[in-house]
Structure formats: structure tokens, C-alpha cells
Amino acid sequence: MATLVLAPPPVVFDASLSVELHASSMRGSREQAVAGVTSGQLSLGDHVTWRARHFGLTWRLTSTISAYIRPSYFVDEQVSGPFRYWRHAHAFESTHDGDSGVEATLMKDIVDFAAPAGSLGTLAEALVLRRYMTKLILLRNAHIRETTETAT
């Protein structure tokens, strides 16, 4: 997935690691940080536990920032939670908007995950989870774009 944001990479990178911005982007699922780093910026080695409501159930997921190269790349990975594994790589490339020439960021998301429950989980991934997770990430990215473009 890729999202063009009309703001410089350091601004978009920092926004992407904001606990508050993430929580506000996930208002629909009432996601909030409940343990670890619960406010401010996440950085290398930080852990955060999120509580959210999806599919009518309350879930908890603890992730860590396992890679961090400001302002171009970071990775968050599940430490404990509902997935067999979850790894989300975020890349930020400097570019310019072709129409306006404004400095911009091409934000790329590479998500690798697996549901629990063996073959039943694999079926759930194919039928529901991939599409649902893609929708959530696009929603988050639209919120980051709106917030950072307004701020610059």
C-alpha cells in the first residue's frame, strides 16, 4: 500500500509514531493505548499495548518498535495478541507532488500477519482479515495525511 502525503518525511514519520494520532485515527474501534508507552512518540524498543473493539469483541495487542531509522523507516511487531504473528513495516520516501511541486512523502506499508487457529485462521485471513486490515491501514493513512497536510 502506498499513500502520498503533501508534507516532508520527518513530519509524516513522526506523526506515524504518535500514540495520540494513532488512537484518533482508530476512533471507530475505540482503540486506545492502555500499557507501555501510552502517550507521545514511540521510538526504538518501545512497547505499547492497544485495546480495541473489532468484530464485536475487545482485543489487546502489545507491539514493539523493532526497527527505527528516522525519517525513512520503522517496524512495529506484535509481542502478544490475537495474531500468530504481525509485522508492519513503514517506509517514507521523499518526493514532490507533480502538480504543485510541493515537498511530499510517499508512505508505504508492508504488512505481514497470520491469524491463529490453523486452517480456520487461514480461511478467515482470505475471506475477511486481509480486506479488513487493509481498510484499517488506509483509514489510518488518510488520517495521517489529513493531519500532517493541515499542519504544514
Undergrad: To check you understand the geometry: which heavy-atom pair defines the closest contact between I137 and M1, and what is its length?
TA: CG2-SD, 3.7 Å
Undergrad: Tell me yes or no: between the side chains of T58 and R53, is some donor less than 3.5 Å from an acceptor?
TA: yes
Undergrad: Could you tell me whether R30 atom CZ has more than 12 heavy atoms of other residues or ligands within 6.0 Å of it?
TA: no
Undergrad: Decide whether L106 and V111 are clustered together by the hydrophobic rule: side chain heavy atoms of Ile, Leu, Val, Met, Phe, Trp, Tyr closer than 4.5 Å, transitively.
TA: no
Undergrad: Spell out, as yes or no, whether a donor-acceptor pair under 3.5 Å connects the side chain of T134 to the backbone of R130.
TA: yes
Undergrad: So if you build clusters from Ile, Leu, Val, Met, Phe, Trp, Tyr with side-chain heavy-atom gaps below 4.5 Å, do V12 and L44 land together?
TA: yes
Undergrad: When clusters are formed by joining ILVMFWY residues with side-chain heavy atoms under 4.5 Å apart, either directly or through shared neighbours, do L127 and L120 land in the same one?
TA: no
Undergrad: Can you label the angle between the H90 ring and the F92 ring as parallel, tilted or perpendicular, going by 30° and 60°?
TA: parallel
Undergrad: Determine yes or no for a side-chain-to-main-chain donor-acceptor pair under 3.5 angstrom, with T122 supplying the side chain and G118 the backbone.
TA: yes
Undergrad: Could you tell me whether the side chain of F113 reaches within less than 4.5 Å of the side chain of E125, counting heavy atoms only?
TA: yes
Undergrad: Working to the nearest 0.5 Å, report the span between OG1 of T148 and CG of D14.
TA: 11.0 Å
Undergrad: Look at the rings of H54 and Y132 and say which category their plane angle falls in: under 30° parallel, 30 to 60° tilted, over 60° perpendicular.
TA: perpendicular
Undergrad: Passes side-chain contact (heavy atoms from CB on, under 4.5 Å), F83 versus L61? Steps please.
TA: CA-CA 9 Å; F83 297 100; L61 181 141; 3.8 Å; yes
Undergrad: Checking the side chain of E31 only, and the main-chain atoms of H22 only, is there a donor and an acceptor separated by less than 3.5 Å?
TA: no
Undergrad: Hey, does W50 have a side-chain heavy atom less than 4.5 Å from the side chain of W59?
TA: no
Undergrad: Any side-chain heavy-atom pair from L139 and S25 closer than 4.5 angstrom?
TA: no
Undergrad: With rounding to the nearest 0.5 angstrom, report the CD1 to NE2 distance, I65 to H88.
TA: 10.0 Å
Undergrad: Which heavy atom in D46 sits nearest to a heavy atom in S43, and how many Å separate them?
TA: OD2-N, 2.7 Å
Undergrad: In terms of hydrophobic clusters joined by side-chain contacts under 4.5 Å, are I110 and Y68 together?
TA: no
Undergrad: Apply salt bridge (Lys or Arg N to Asp or Glu O under 4.0 Å) to E103 and list each qualifying residue two or more places apart in sequence or on a separate chain.
TA: none
Undergrad: Going from OG on S66 to CZ on R87, what distance comes out if it is rounded to the nearest 0.5 angstrom?
TA: 6.0 Å
Undergrad: Find the distance between CG (L4) and NZ (K108) and round it off to the nearest 0.5 Å.
TA: 11.5 Å
Undergrad: So, for G121 and A115, which heavy atoms are closest and what is the spacing to 0.1 Å?
TA: O-CB, 3.5 Å
Undergrad: Consider only side-chain heavy atoms of I, L, V, M, F, W and Y, link residues closer than 4.5 Å, and tell whether V19 and V75 are in one cluster.
TA: no
Undergrad: From R60 CZ over to R51 CZ, what is the distance, rounded to the nearest 0.5 angstrom?
TA: 6.5 Å
Undergrad: Can you list the steps and then say if L42 with F74 is a side-chain contact (heavy atoms from CB on, under 4.5 Å)?
TA: CA-CA 10 Å; L42 294 165; F74 75 90; over 6 Å; no
Undergrad: Please round to the nearest 0.5 Å and tell me the distance separating atom CG of D76 and atom OG of S16.
TA: 10.5 Å
Undergrad: Side chains of H47 and T62: is there a donor and an acceptor less than 3.5 Å apart?
TA: no
Undergrad: Is there a donor-acceptor pair under 3.5 Å between the side chain of T147 and the backbone N or O of I144?
TA: no
Undergrad: Please report the closest heavy-atom contact between I69 and F13, naming both atoms and the distance.
TA: O-CE1, 3.9 Å
Undergrad: In the structure I gave you, are the side-chain heavy atoms of T3 and R145 within less than 4.5 Å of one another anywhere?
TA: yes
Undergrad: Report yes if some heavy atom in the side chain of E93 is under 4.5 Å from a heavy atom in the side chain of S72; otherwise report no.
TA: no
Undergrad: Which heavy atom of A104 sits nearest to which heavy atom of P9, and what is that distance?
TA: O-CD, 4.1 Å
